[in-house]
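So the structure is just underneath, and the comments pick up after that.
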Amino acid sequence: MSKEKTDLQVFQEIVQDLTELVFGTPITEPMVKPKRARTKGRYKADDKSTKDFNEAWVGGKAPKRRKKNVKKK
């Protein structure tokens with residue numbers, strides 16, 4: 001019994017190869033929505049002593065803030 005790749009798997013490999021070719025870096029993790037880190041249901045705080053890692057977010061990186069629309073009077 002041979003295991004052949006499905007059309008979806010072939011497509012995903014092609015997209016990954018093209019992304020590596022265009023951007024020069026391989027995709028290691030698919031795009032996921034940022035998620036807050038929790039401990040027993042409560043949000044976890046960021047440790048300010050570690051400048052390059054944010055413990056408050058899963059994955060260690062906080063999402064970028066959105067710009068607010070400001071209406072002029």
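Other residues, nucleotides and ligands place more than 12 heavy atoms under 6.0 Å from the CZ atom of F53.
To the nearest 0.5 Å, the span separating CH2 on W57 from CZ on R36 amounts to 5.5 Å. To the nearest 0.5 angstrom, D46 atom CG is 5.0 Å from K48 atom NZ. Expressed to the nearest 0.5 Å, how far NZ of K5 lies from CD of Q12 amounts to 11.0 Å.
Counting heavy atoms from C-beta on, the side chains of Q16 and T19 never come closer than 4.5 Å.
The two residues E55 and K44 make their nearest non-hydrogen contact at O-CD, 3.8 Å.
Counting side-chain heavy-atom gaps under 4.5 Å among Ile, Leu, Val, Met, Phe, Trp and Tyr, the cluster of V10 also holds I14, L18.
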